[in-house]
Amino acid sequence: MGNRLAGKVAIITGGTSGIGAATAELFAAEGATVVIAGRSEAKGSALAGRLGDNVHYEPQDVTVEDDVRRVIDNAAERFGRLDVLFNNAGGPTAGNVGDITGENIDYGVKLLFTSVVLGMRFAIPHMLALGGGSIINNSSIAAIRHLQGNILYSAVKAAVTHYSKLAGIELGPQGIRVNVISPGAIATPIFWGGSARANTLPDEENERKMAKLQGNLARANPLKISGVAWDIATAALFLASEEGRFVNSHDLVVDGGRTSMFNEYPDWVKR
């Protein structure tokens, strides 16, 4: 397709499906060596095999610190550099104001926030050795609007957004840009329980759910089209490439105008 990432090495967490898989495909097409990390070995290996010799799968559970470190260090050692880290891994959290448990909090923070902080920590030395790099953290419009996710998910994603902006200020002078993408409602299996749930369903059932979801989501924004994983992948490509060289500490909202509308998703979106 192009060479906007030619010679660069990129890691994408949560890279075996949805937004991560779409980003891996686009980055590889633009010349990057891509490491996709995720829990599903079968899906990750199959995707890497399909996308070609410059895409590699590494097993990873981002809630495990040693896994976060291992994937980053292995990639930098194997390929001699690390230019781009896309902290994309995530998933739904449980917990509403009246019934949040300590277990809900611990899991949600570890999955959505701690993984990002640690990923950045372990990537920074490798990027500094090159004189810079690009870190992209996947947040959500739930971080800036009420009822775009449950309250715990929204609060933790707000932490991701704010941490990323502050990190960009601290790391910018060293050549490392840190930015956030805040997707609106993107048609991925997270709406029916995440990729783990989708893995248990027949392909036909997932396709049926996806088609219905896209139709519903198209009614929930001013453009009247559904956001798809490719929309976020192209945003990540911009931030990872030299075209985004002057973009730092920024929250790139990709939502079709959703955040300018009414706050709550109608019930039919999730049916």
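Given the structure is predicted, the values throughout are model-derived calculations rather than measurements.
- When all heavy atoms of I136 and A236 are compared, the pair lying nearest together is CD1-O, 3.5 Å.
- The CG atom of D53 sits 10.5 Å away from the OG1 atom of T33 when rounded to the nearest 0.5 Å.
- Closest approach of S182 and D251 over heavy atoms only: OG-OD1, 2.7 Å.
- Follow the hydrophobic side-chain contacts under 4.5 Å out from V109 and you reach V116 in the same cluster.
- Note on I12 and I232: same hydrophobic cluster, where clusters join Ile, Leu, Val, Met, Phe, Trp and Tyr whose side-chain heavy atoms are under 4.5 Å apart, directly or indirectly.
- Both F27 and W230 are members of a single hydrophobic cluster when ILVMFWY side chains are connected at heavy-atom separations under 4.5 Å.
- Looking at N137 and S164, their side chains do bring a donor and an acceptor atom within 3.5 Å of each other.
- Between A75 and I11 the shortest heavy-atom distance is CB-CD1, 3.7 Å.
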Worksheet item: So E243 and L237, side chain to side chain contact (heavy atoms under 4.5 Å, CB included) or not? Walk me through it.
Response: CA-CA 9 Å; E243 294 168 6; L237 174 61; over 6 Å; no
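- Side-chain atoms of D106 never come within 3.5 Å of backbone atoms of E103 as a donor-acceptor pair (strictly under, hydrogens ignored).
- Cluster membership for I176 and F246, using ILVMFWY side-chain heavy atoms within less than 4.5 angstrom, is not shared.
- Looking only at distances, a side-chain donor or acceptor of D255 sits under 3.5 Å from a matching main-chain atom of R258.
- Side chain of Q60 to backbone of G38: no donor-acceptor contact under 3.5 angstrom is found.
- A donor-acceptor pair shorter than 3.5 Å can be found between the side chains of N88 and N138.
- Taking 4.5 Å as the limit, some side-chain heavy atom of L112 sits within range of a side-chain heavy atom of Y153.
- The heavy-atom pair separating I186 from L217 by the smallest distance is C-CD1, 4.0 Å.
- For the pair L239/F86, no side-chain contact is recorded, criterion being any heavy-atom separation below 4.5 Å from C-beta on.
- Between the side chain of D67 and the backbone N or O of V71, no donor-acceptor pair lies under 3.5 Å.
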Worksheet item: Is there a side chain to side chain contact (heavy atoms under 4.5 Å, CB included) between V117 and R121 once you walk through the steps?
Response: CA-CA 6 Å; V117 174; R121 171 193 166 191; 5.6 Å; no
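- Taking CG from L51 and OH from Y57, the interatomic distance works out to 14.0 Å, rounded to the nearest 0.5 Å.
- Looking only at side-chain heavy atoms (C-beta outward), L47 and V55 stay at 4.5 Å or farther from each other.
- A donor atom on one side chain and an acceptor atom on the other are found under 3.5 Å apart for T161 and S139.
- Between V34 and L5 there is no side-chain heavy-atom pair separated by less than 4.5 Å.
- F238 and V254 end up in the same hydrophobic cluster when Ile, Leu, Val, Met, Phe, Trp and Tyr side chains are linked at under 4.5 Å.
- Distance NE2/H56 to CZ/F79: 3.5 Å, rounded to 0.5 Å.
- Here the side chain of N179 pairs a donor or acceptor atom with the backbone of V247 at under 3.5 angstrom.
- The structure places OG of S154 at 12.0 Å from CZ of R145, a figure rounded to the nearest 0.5 Å.
- No option in E65, E77, E58 other than E58 meets the salt bridge (Lys or Arg N to Asp or Glu O under 4.0 Å) test with R70.
- Interatomic distance, M127 CE to Q174 CD, rounded to the nearest 0.5 Å: 12.5 Å.
- Here the closest non-hydrogen pair linking A187 and S226 is CB-OG, 3.7 Å.
- Considering only heavy atoms from C-beta on, K43 comes within 4.5 Å of S17 through its side chain.
- To the nearest 0.5 angstrom, I72 atom CD1 is 10.5 Å from M120 atom CE.
- The backbone N or O of T63 sits less than 3.5 Å from a side-chain atom of D61, completing a donor-acceptor pair.
- Within the 4.5 Å cutoff, the side chain of I100 has heavy atoms near those of the I151 side chain.
- Counting heavy atoms from C-beta on, the side chains of N104 and L152 come closer than 4.5 Å.
- Between I135 and N87 there is a side-chain heavy-atom pair separated by less than 4.5 Å.
- A search for salt bridge (charged side-chain N to carboxylate O under 4.0 Å, His left out) contacts involving K8 returns E242, not counting sequence neighbours.
- In plain terms, the two heavy atoms of V68 and V62 that are nearest each other are CG2-O, 3.6 Å.
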